[in-house]
Amino acid sequence: MLNQWLYKQVDNSALVVFRVLFGFLITCEAWGAIATSWIRTTLVEPQFTFNFIGLDFLQPLPGDLMYYYYGLMGFFGVLVMLGYKYRFSVLAYGVMWTCVYLMQKSSYNNHYYLLMLLLGIMACFPANRYLSLDAKQNPKIKQNHMPRWVYIVIIAQLWIVYTYASVAKIYPDWLDASVAGQLMQSKADYWLVGEMLQQKWVHWCIAYFGIFFDLLIIPALLWKRTRKTAFIISIFFHLFNSFIFHIGIFPYLSLAFTLFFFPAETIQRIFLPKKTFYEAGEIIRPKHYKPILMVFGLYFLVQIALPLRHWFIQDNVLWTEEGHRLSWRMMLRSKSGRIHFKVVDKSTGKELPFNHRDWLSTKELRSVSVKPDCIWQFCQRVKEDYAAKGTDVAIYVDCKVSVNARPYHPLINPEVDMADAKWDYFWHNDWLMPSPDLSKREVKEHVLD
């Protein structure tokens, strides 16, 4: 039964067309980062980047080398699109993308994380067996079919992303549409729709459409009766997100995924009319199928567990950020912060002149003002810099944060020397102040995070 479910061969038209679109989109992502100055503001201009803690060896290349780095990534994207040296190309892009993702957090985005996962998944797929330079050069690999587990892996990954994104929205500030209203405030100057986006009814629509779309879109695409309607709604939803939030290739990548939900005959007829449609339905079990099952089983176990981990960590994730990343908690809150660092020479007890704005870019300043891990990392960098000059310092942080436009409250214990504080990667850090009552709605002036 399991063999028939996983290893039955099905037509591979959806995977082939998706590979071409995927290669094109990741090329746009890499070369677009050059064209939009994202590399300059995120990786070149800052004095240092906030890497994932423990991965300090991942740092941007000096000078203009990051532009060449992204240029090379885009080149690998083209090779993926053409299906040339496919597995090497997609793995090379994946390794390079993962390194950039892990070396900077000031531009953290769930979509960047998703792309990292997809690059690894695509490397496991036989996506170069048709309409590829690999198949042209080596006709022996040419096939018009693939194992059904390809569909299962893609749909399972999407279901995890969308379901957790929906469930995370079920909390008071999202349900009363206040977060949606805050998100729309910065869009008031948008051409044509800016004024409309400030209307309360629009905020309610955004809040609840977001919950139900994320929760129901995968089942609706799977069910034949609702598939076309769900596809039309998906087009509106993702184009709206692209226009309003400017989130790169993700909306178009999400639309490309719908290829896997339509009948293979339809995809073949529209996109690959010269391709012979496969319908033999053979069952071909790979020689090393047990290790493959174990790898994918472990992968999805981790994917299901990671977004749940914040429930086992003390205090509210909206406040502490512990368990926020890698959890599909997308556009859930706005945060603003006020921060001051007191640097003290331990040998004399005197406070040293220090202005954190001299060290940080505008984007990094926003992160350091509200995110505990970035505050801790910044204190370690400052400590190392003074130590290199022969001065042992203590660093005390006065940081007040507002969540979803509530009053400001202290985030960091001001009596703790953050230069000597330890970072707990998996559990709660006791130098964080307890979260305020986030059930109260005393709205104050805010800045979106």
Side-chain angles (χ1 to χ4, degrees), residues 2 5-6 14-15 18 22 25-26 29 52-55 90-91 93-95 97-102 105 108-125 127 146-171 210-211 213-222 234 238 247-251 253-254 256-261 289-313 317 321-332 373 425-427:
L2 184 63
W5 190 54
L6 293 176
L15 178 61
F18 181 78
F22 183 71
L25 288 171
I26 62 177
E29 182 69 39
F52 274 64
I53 294 174
L55 301 175
V90 75
L91 282 172
Y93 193 111
V95 169
W97 179 265
T98 300
C99 287
V100 174
Y101 174 80
L102 296 175
K105 290 185 295 189
Y108 174 83
N109 191 314
N110 277 282
H111 308 145
Y112 298 162
Y113 170 48
L114 177 60
L115 182 54
M116 183 179 74
L117 298 179
L118 289 174
L119 288 160
I121 289 173
M122 286 295 290
C124 300
F125 289 170
M146 66 182 182
R148 186 155 56 186
W149 63 260
V150 170
Y151 278 104
I152 296 169
V153 167
I154 285 289
I155 292 171
Q157 180 66 73
L158 293 177
W159 178 81
I160 289 171
V161 172
Y162 280 111
T163 302
Y164 276 120
S166 175
V167 172
K169 292 180 176 69
I170 303 176
Y171 83 102
I211 291 175
F213 179 89
D214 289 345
L215 185 64
L216 300 176
I217 190 59
I218 300 301
L221 285 169
L222 286 171
S234 292
H238 291 300
I247 48 178
I249 67 170
F250 177 71
L253 184 59
S254 299
F257 277 125
T258 58
L259 289 164
F260 292 98
F261 293 89
Y289 72 97
K290 288 185 178 179
I292 295 173
L293 280 176
M294 290 179 61
V295 168
F296 277 106
L298 180 61
Y299 171 81
F300 281 112
L301 182 64
V302 171
Q303 284 296 300
I304 291 171
L306 275 178
L308 298 175
R309 71 191 189 279
H310 72 87
W311 292 107
F312 300 93
I313 301 175
V317 63
E321 301 278 327
E322 294 166 330
H324 172 79
R325 293 190 179 92
L326 317 183
S327 298
W328 314 119
R329 301 178 58 81
M330 300 182 241
M331 297 186 190
L332 287 180
D373 58 334
Y425 203 96
F426 299 103
W427 301 105

>> Between Phe52 and Tyr425, is there a side-chain heavy-atom distance shorter than 4.5 Å?
In response: yes
> Tyr101 and Met116: which non-hydrogen atoms are nearest, and at how many Å?
Replying inline: CD2-SD, 3.8 Å
> Can Ile247 and Met330 be said to form a side chain to side chain contact (heavy atoms under 4.5 Å, CB included), step by step?
Replying inline: CA-CA 11 Å; Ile247 48 178; Met330 300 182 241; over 6 Å; no
> If only atom types and distance count, is the side chain of Thr163 paired as donor or acceptor with the main-chain N or O of Leu215 below 3.5 Å?
Replying inline: no
> Below 4.5 Å, heavy atoms only, C-beta onward: do Trp328 and Tyr162 meet side chain to side chain?
Replying inline: no
> Which distance, rounded to the nearest 0.5 Å, do you find between the CD1 of Ile292 and the SG of Cys124?
Replying inline: 8.5 Å
>> Going by side-chain hydrogen bond (donor to acceptor under 3.5 Å, both in side chains), name the residues that satisfy it together with Tyr164, two or more places apart in sequence or in a different chain.
In response: none
>> What's the separation between atom CZ in Phe257 and atom CG in Leu221, rounded to the nearest 0.5 Å?
In response: 12.5 Å
>> I'd like to check Leu117 versus Gln303 (side-chain heavy atoms, cut-off strictly below 4.5 Å). Are they in contact?
In response: yes
> Quick one: does Ile26's side chain get under 4.5 Å of Leu118's, heavy atoms only?
Replying inline: no
> Side chains of Arg329 and Val317: does their closest heavy-atom pair fall under 4.5 Å?
Replying inline: yes
> What residues form a side-chain hydrogen bond (donor to acceptor under 3.5 Å, both in side chains) with Asp373, not counting sequence neighbours?
Replying inline: Lys105, Arg325
> Looking at Met122 and Ala127, what are the two nearest heavy atoms and their distance?
Replying inline: CE-CB, 4.3 Å
>> Could you report the tightest heavy-atom contact between Asp214 and Ile217, atom names first, then the distance?
In response: O-CG2, 4.2 Å
> ring pair (Phe, Tyr, Trp, His ring centres under 6.0 Å) with Phe261: which residues, sequence neighbours excluded?
Replying inline: none
> How long is the span from the CZ atom in Phe22 to the CD1 atom in Ile121, to the nearest 0.5 Å?
Replying inline: 9.0 Å
>> Can you tell me how far apart CG (Leu298) and CG (Leu293) are? Round to the nearest 0.5 Å.
In response: 12.5 Å
>> Please verify the inter-ring angle class for Trp149 with Phe296; under 30° counts as parallel, over 60° as perpendicular, anything in between as tilted.
In response: tilted
>> Could you check whether any side-chain heavy atom of Ser234 comes within less than 4.5 Å of a side-chain heavy atom of Phe213, counting everything from C-beta outward?
In response: yes
>> Could you measure the distance from the CD1 atom of Ile160 to the CD1 atom of Ile218? Nearest 0.5 Å is fine.
In response: 11.0 Å
> Can you find a pair of side-chain heavy atoms, one from Leu25 and one from Phe250, that are under 4.5 Å apart?
Replying inline: no
> If you round to the nearest 0.5 Å, how far is CG of Leu253 from CZ of Phe18?
Replying inline: 5.0 Å
>> Using every non-hydrogen atom in the two residues, find where Phe426 and Ile313 come nearest and quote the distance to one decimal.
In response: O-CD1, 3.5 Å
> Where is the tightest heavy-atom contact between Pro307 and Ser327, given as atom of each residue plus distance?
Replying inline: CA-OG, 3.5 Å
> Looking at Phe300 and Val153, what are the two nearest heavy atoms and their distance?
Replying inline: CZ-O, 3.6 Å
> Regarding Glu29 and Tyr112, is there a side-chain donor-to-acceptor distance under 3.5 Å anywhere?
Replying inline: no
>> Assess the residue pair Tyr289 and Leu6 against the criterion (side chain to side chain contact (heavy atoms under 4.5 Å, CB included)); give the C-alpha distance rounded to whole Å, side-chain angles, the decisive distance to 0.1 Å, and a yes or no.
In response: CA-CA 10 Å; Tyr289 72 97; Leu6 293 176; over 6 Å; no
